[in-house]
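Reading through the structure tokens given below for one structure.
When a residue number appears, it is its place in the shown sequence, counting from 1.
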Amino acid sequence: MSALCYSRVDEEKPMSLAENIQKDLVDAMRAKQELRLSVLRGIKAAIKHREVEKMRALDETESIQILQTLVKQRKESIDQFTKGNRLELAEKETKELAIIESYLPAGASAAEMDAAIAKAISESGATSIKQMGAVVKAAKAALEGKTVDGKVLSDRVRDRLSKLG
């Protein structure tokens with residue numbers, strides 16, 4: 001009878017966003033980092049809420065979209081608190097924003113956005129501001145995997161298309 005030897009090679013696959021957040025949440029709990037713990041719990045709750053809505057686990061892209069929504073909410077809050085002269089609340093939101101942004105992939109640079117917009121315009125054959133939606137959609141698809149502020153992208157597309165027509 002021959003002996004079989006099985007060797008199991010554990011391939012190190014990168015942690016998913018949800019796993020990374022869970023690990024950091026435990027670390028924040030151990031280190032007694034109240035603000036970080038609070039923010040990570042909020043992120044986890046937002047992801048869990050969307051999973052319950054969709055009745056399935058989210059993929060990385062969907063999780064990143066949730067983080068982008070949270071970033072947008074924080075930026076709007078900072079703006080409102082600053083206008084209302086509530087600087088202590090604006091400062092707290094700014095700290096939360098930094099924690100959330102640390103989980104997002106690298107942002108697209110201005111050059112990358114311009115290249116994606118130029119490609120989207122040439123592919124769609126857009127000549128006027130009326131085709132802005134199609135250009136923005138194509139540019140976002142070209143920038144897949146990067147963090148892109150939708151408002152900044154839309155403003156750049158509008159600017160570029162207004163120069164064409």
Side-chain angles (χ1 to χ4, degrees), residues 12-28 31 33 35-51 53-54 57-83 86-124 126 129 131-164:
E12 285 290 318
K13 67 176 185 173
M15 277 197 281
S16 74
L17 185 61
E19 291 169 339
N20 197 9
I21 289 169
Q22 178 61 37
K23 182 185 91 47
D24 289 351
L25 191 140
V26 171
D27 292 345
Q33 298 170 327
L35 180 68
R36 186 172 186 77
L37 182 61
S38 169
V39 172
L40 291 172
R41 282 181 172 154
I43 293 171
K44 193 172 174 191
I47 290 172
K48 185 55 96 178
H49 181 72
R50 183 67 53 85
E51 285 177 342
E53 279 179 359
K54 294 196 173 232
L58 300 180
D59 61 22
E60 288 294 300
T61 307
E62 291 169 318
S63 296
I64 288 170
Q65 285 173 342
I66 290 171
L67 289 180
Q68 288 171 331
T69 301
L70 294 173
V71 164
K72 185 177 178 187
Q73 289 171 350
R74 294 303 182 290
K75 286 181 178 176
E76 288 170 358
S77 296
I78 291 167
D79 187 43
Q80 292 299 317
F81 288 141
T82 305
K83 284 179 183 172
R86 299 293 307 269
L87 301 179
E88 69 285 351
L89 292 174
E91 189 178 318
K92 180 180 181 276
E93 292 287 324
T94 304
K95 289 176 183 174
E96 290 181 6
L97 176 65
I99 293 169
I100 296 169
E101 284 180 332
S102 70
Y103 291 95
L104 287 172
S109 68
E112 289 172 319
M113 274 201 252
D114 289 340
I117 292 168
K119 182 179 173 207
I121 289 172
S122 67
E123 285 178 358
S124 66
I129 205 94
Q131 291 124 326
M132 185 174 155
V135 174
V136 169
K137 188 174 181 183
K140 270 190 177 175
L143 294 167
E144 188 74 36
K146 296 219 182 270
T147 304
V148 180
D149 184 339
K151 185 177 182 334
V152 172
L153 184 66
S154 294
D155 291 345
R156 284 178 172 272
V157 169
R158 185 179 297 111
D159 184 52
R160 184 75 66 86
L161 287 175
S162 66
K163 288 177 184 171
L164 290 178

Could you name each residue pair satisfying salt bridge (Lys or Arg N to Asp or Glu O under 4.0 Å) that touches residues 133-148, not counting sequence neighbours?
E112-K146
To the nearest 0.5 Å, how far apart are [atom1] in [X] and [atom2] in [Y]?
X: D24; Y: R36; atom1: CG; atom2: CZ; answer: 5.5 Å
X: N20; Y: Y103; atom1: CG; atom2: OH; answer: 6.0 Å
X: Q22; Y: S16; atom1: CD; atom2: OG; answer: 10.5 Å
X: L143; Y: L153; atom1: CG; atom2: CG; answer: 6.5 Å
X: S122; Y: I117; atom1: OG; atom2: CD1; answer: 12.0 Å

Ion pair check, K83 and D79, cut-off under 4.0 Å:
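Counted as a salt bridge, because a side-chain N and a carboxylate O are separated by less than 4.0 Å.
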Can E88 and R86 be counted as an ion pair, charged N to O under 4.0 angstrom?
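Salt bridge between E88 and R86, a charged N being under 4.0 Å from a carboxylate O: yes.
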Do I121 and V157 have side chains that approach each other closer than 4.5 Å (heavy atoms only, starting at C-beta)?
no
Do D155 and D159 have side chains that approach each other closer than 4.5 Å (heavy atoms only, starting at C-beta)?
no
Please assess E96 against L70 for the test side-chain contact (heavy atoms from CB on, under 4.5 Å), listing each intermediate value before the final yes or no.
CA-CA 10 Å; E96 290 181 6; L70 294 173; over 6 Å; no
Counterpart residues, side-chain contact (heavy atoms from CB on, under 4.5 Å), relative to K54 (two or more places apart)
R50, R56, L58, E62
Could you walk me through whether E91 and K95 pass salt bridge (charged side-chain N to carboxylate O under 4.0 Å, His left out), step by step?
CA-CA 6 Å; E91 189 178 318; K95 289 176 183 174; 3.6 Å; yes
